[in-house]
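Hydrogens, waters and symmetry mates play no part in the numbers below; they use all other heavy atoms, side chains included. Start at 1 and go down the list; that is how both ligands and their atoms are numbered. Just so it is clear, the structure is predicted and the values come from calculations on it, not from any experiment.
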Amino acid sequence: MSNDLVSIAERLDQAILTATATPQLPKGSEIDAPTGYAVQAHGIELRKARGERVIGVKMGLTSRAKMEQVGVDEVTWGRLTDAMRREEGGTLARTDFIHPRAEPEVAFILGRRLTGEVSLAEAALAVEALAPAVEIIDSRYENFRFALGDVVADNSSSAAFFLGPRAKPDTDIANLGIVLSIDGAPREIGSSAAILGHPLRALVAAARMTARAGHVLEPGDIVLAGAATAAVPLQVGMQVEARIQHLGRVGFSVV
Ligand code: OOG
Ligand code: MG
């Protein structure tokens with residue numbers, strides 16, 4: 001990889017470590033999605049060198065609501081590491097982030113390896129459990145503004161996540177009500193059908209898109225399907241809860 005790309009990965013990594021936004025990539029030096037994935041992979045190597053372990057992937061921009069919120073209309077993915085996981089029912093420290101937002105997600109926990117072109121049926125068979133989740137996104141770019149290649153380079157804005165209790169893998173997830181509440185009041189409401197028409201399609205896309213980068217989904221991996229609603233900016237003191245019909249709830253407080 002060129003020095004320029006390495007330095008973008010290092011700049012984004014510093015933004016994570018210091019919880020300080022970094023400027024958008026300068027006009028004229030925008031990067032395309034494949035280049036963004038190369039930068040993302042390098043950023044993950046930097047995290048692994050600090051002892052972090054990849055434990056799954058997140059899909060991004062799998063619903064209209066999300067695409068419209070950020071103005072990018074292609075599905076993306078990023079890696080989840082063990083350091084990004086937070087304890088369900090616990091806290092999220094506001095100062096660890098730049099401008100964090102929370103969004104409700106359906107999570108898949110895999111029981112089998114899944115990679116390349118797979119059918120919906122094959123994807124369903126690879127699911128060992130489902131769970132409600134909240135992803136914390138925190139674009140490392142100023143004002144949460146980016147184009148496709150930039151957000152891909154930035155690990156698709158992923159910063160942390162909470163996973164709720166496991167639910168049975170044969171739960172019908174085609175059209176589940178999803179509510180994100182702040183301090184007990186519903187703030188964002190959606191349906192799992194908003195996720196590519198069916199959240200399982202996000203898992204199919206995860207197998208295909210990650211394989212293109214030489215990444216394989218392994219047993220035990222967590223796959224976040226992408227949010228069905230817009231994300232909510234977080235402030236200290238907020239109690240955040242996501243409820244997904246038939247799957248259950250997951251919550252935390254911002255301190
Ligand atoms: C990009 C990440 C999108 C989702 O669930 O759609 C994403 C962003 O919104 O910053 O995680
Ligand atoms: Mg997300």
Would you mind listing each N/O atom of ligand 1 next to any protein N/O under 3.5 Å, plus the distance?
| residue | atom | partner | partner atom | Å |
| --- | --- | --- | --- | --- |
| ligand 1 | 5 (O) | Glu103 | OE2 | 2.8 |
| ligand 1 | 5 (O) | Glu105 | OE2 | 3.0 |
| ligand 1 | 5 (O) | Ala227 | N | 2.8 |
| ligand 1 | 6 (O) | Leu61 | N | 2.7 |
| ligand 1 | 9 (O) | Lys66 | NZ | 2.8 |
| ligand 1 | 10 (O) | Ser157 | OG | 2.7 |
| ligand 1 | 11 (O) | Lys58 | NZ | 2.7 |
| ligand 1 | 11 (O) | Glu103 | OE2 | 2.8 |
| ligand 1 | 11 (O) | Glu135 | OE1 | 3.0 |

Minimum side-chain heavy-atom gap Pro34-Arg212 below 4.5 Å: no

Salt-bridge contact Arg101-Glu103 (side-chain N to carboxylate O under 4.0 Å): no

Geometric class of the Phe252/Phe162 ring pair [parallel <30°, tilted 30-60°, perpendicular >60°]: parallel

Beyond-backbone contact of Phe108 with Leu200, side-chain heavy atoms, under 4.5 angstrom: yes

Minimal non-hydrogen separation, Ala133 against Ala107, with atom names: CB-CB, 4.0 Å

Minimum heavy-atom distance between Gly78 and Gln40, given as atom pair plus value: CA-OE1, 3.5 Å

Tally of protein N, O or S atoms, where distance to the Mg ion (ligand 2) is under 2.8 Å: 3

Residue pairs involving residues 134-147 (criterion salt bridge (charged side-chain N to carboxylate O under 4.0 Å, His left out); sequence neighbours excluded): Lys58-Glu135, Arg140-Asp154

Atom pairs and distances, donor-acceptor, side-chain atoms in residues 216-229, under 3.5 Å, two or more places apart:
| residue | atom | partner | partner atom | Å |
| --- | --- | --- | --- | --- |
| Glu218 | OE1 | Arg113 | NE | 3.2 |
| Glu218 | OE2 | Arg113 | NH2 | 3.0 |
| Asp221 | OD2 | Glu218 | N | 3.0 |

Modelled atom types, side-chain donor and acceptor of Asp32 and Thr35, under 3.5 Å: yes

